[in-house]
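Any value given below was found using the heavy atoms of this structure, including those in side chains, with hydrogens, waters and symmetry copies removed. Residue indices begin at 1 and follow the sequence shown. Every number for a ligand or one of its atoms is a count from 1 in the order of the listing.
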Amino acid sequence: MAVSIDLKSWDVAVVGEIYADHVFSGFARWPGPGEEVLAKDYLRELGGGSVNTACGLSRLGRRTRLVGLIGETDFDWFERRLGDFGVGMDGIRLGVDGTGTTVSVSTREDRSFFTYLGANAGLSELLEVPTVIADLVAARHVHFAMPLARELAARILPQLRQAGCTTSLDVGHSADWLRDPTNHATCREIDFFLPNAKEASLLVGDDNADAYAAWSGAQGLRHTVLKLGARGALVADAAGTRTIHAPVVEALDTTGAGDAFDAGLIDAVLDGETLDRCVQRACVTGALCTTAAGALHALPHPPTLRTLRERTYGS
Ligand SMILES: Nc1ncnc2c1ncn2[C@@H]1O[C@H](COP(=O)(O)OP(=O)(O)OP(=O)(O)O)[C@@H](O)[C@H]1O
Ligand SMILES: [Mg+2]
């Protein structure tokens, strides 16, 4: 009997921007200049797509290393909170500018964000450090949750490929990155490029999901996967274009659903699943994430994920 020995120390390295989120909600109205309004609720939580996806993967039982920068004064808080999800601090570096910070302000109608990049400004430089590259190479899969600069991608992706790592990229709503055609080469070189519908329309210049599938095919992307919110996700390959529907859940807060989707997809990729089954697992993880406030609270454990997956798609 053939026994495969996994020589890598980590299943996944997740690299990207890390934030301290301050979430103010329940304002009756937006204040006028010089006015003060009171929030009904306030929450301080770890944030950033990299944190959300790393916590999602660790919850699913994957040995996950989070690689990024925070400010020294937040070390204990991050260590405690990441520890709740089983994510350690050994991939974290300390930046001089303090932790990146986002203030989110919600009224009943709308939500606005104020962001300070902080230590995240050093992320591209961090990815030039040989020991950091060694951290990535030590994982079976590397996920980038950041607008990965073209020069950086051109340098790092071949190294990861040569080391046998599979890769994925979620640039988030980085309009400049998405509008810049020099990044199309990165979309081709990454194993799984993971945009949502709005991001795909910035990339392709058309907000039709089929237009993205056509673009992806013409560009020769390795996989075509497009997140479509409550509708699920679109996939396309030689067998055609199809929608994988999302499970019906009572969605309370969709923050981080896309990052949870990424975690579910990577988890299935590591199991060697087919594209459709990878995206099914992704959709279930994304859907479950929406069932509680915040991006982290409802990240599923494997039995919850498995149960809803089987109920939705059969075995
Ligand atoms: N209301 C919902 N009901 C069921 N599933 C949902 C819902 N919203 C999101 N999902 C699931 O989560 C996945 C990702 O959601 P979405 O398309 O909103 O990503 P996103 O816009 O990148 O999210 P994020 O806010 O994290 O960036 C969807 O493909 C779907 O599977
Ligand atoms: Mg997203």
_Consider salt bridge (Lys or Arg N to Asp or Glu O under 4.0 Å). Of Arg306, Arg140, Arg62, which one does Asp271 pass it with?_
Arg62
*With under 30° as parallel and over 60° as perpendicular, where do the rings of His184 and Trp215 fit, or are they tilted in between?*
perpendicular
*What class does the angle between the rings of His245 and Tyr313 fall in, given that below 30° is parallel, 30 to 60° is tilted and above 60° is perpendicular?*
tilted
Can you pull out the closest protein heavy atom to [atom]? Residue, atom name and distance to 0.1 Å, please.
{"atom": "atom 19 (O) of ligand 1", "answer": "Gly258 CA, 3.4 Å"}
{"atom": "atom 17 (O) of ligand 1", "answer": "Gly229 N, 2.7 Å"}
{"atom": "atom 31 (O) of ligand 1", "answer": "Cys283 CA, 3.3 Å"}
{"atom": "atom 7 (C) of ligand 1", "answer": "Ala230 CA, 3.6 Å"}
{"atom": "atom 29 (O) of ligand 1", "answer": "Gly232 O, 2.8 Å"}
{"atom": "atom 15 (O) of ligand 1", "answer": "Ala257 CB, 3.7 Å"}
{"atom": "atom 21 (O) of ligand 1", "answer": "Asn196 ND2, 2.8 Å"}
{"atom": "atom 13 (C) of ligand 1", "answer": "Phe261 CD1, 3.7 Å"}

_Under 4.5 Å between side-chain heavy atoms, counting indirect links through other Ile/Leu/Val/Met/Phe/Trp/Tyr residues: same cluster for Met89 and Tyr19 or not?_
no
*Determine whether any heavy atom of Gly49 lies closer than 4.0 Å to an atom of ligand 1.*
no
*Does the side chain to side chain contact (heavy atoms under 4.5 Å, CB included) test come out yes or no for Leu252 and Thr290, once each step is laid out?*
CA-CA 6 Å; Leu252 292 179; Thr290 70; over 6 Å; no
Side chain, backbone, both or neither: which part of [X] has a heavy atom under 4.0 Å from ligand 1?
{"X": "Leu228", "result": "backbone"}
{"X": "Pro247", "result": "backbone"}
{"X": "Ala246", "result": "side chain"}
{"X": "Ala251", "result": "side chain"}

*Taking atom types as modelled and ignoring hydrogens, do the side chains of Thr274 and Asp276 form a donor-acceptor contact shorter than 3.5 angstrom?*
no
*By number and element, which atoms of ligand 1 are closer than 4.0 Å to a non-hydrogen atom of Val249?*
3 (N), 4 (C)
*For Gly256, take its heavy atoms, then give the atoms of ligand 1 lying under 4.0 Å from any of them.*
25 (O), 26 (O)
*Please confirm whether the backbone N or O of Ser50 pairs with a side-chain atom of Thr53, one donor and one acceptor, at under 3.5 Å?*
no
_Side-chain (Glu199) to main-chain (Asn196) donor-acceptor, under 3.5 angstrom_ = yes
*Do any non-hydrogen protein atoms sit less than 4.0 Å from atom 10 (N) of ligand 1?*
yes
*Centre of Trp77's six-membered ring, under 6.0 Å away, within 45 degrees of the axis: is that where NZ or CZ of Arg44 sits?*
yes
*asked:* Assess whether a salt bridge exists between Lys227 and Asp170, defined as any Lys/Arg side-chain N lying under 4.0 Å from an Asp/Glu carboxylate O.
replied: yes
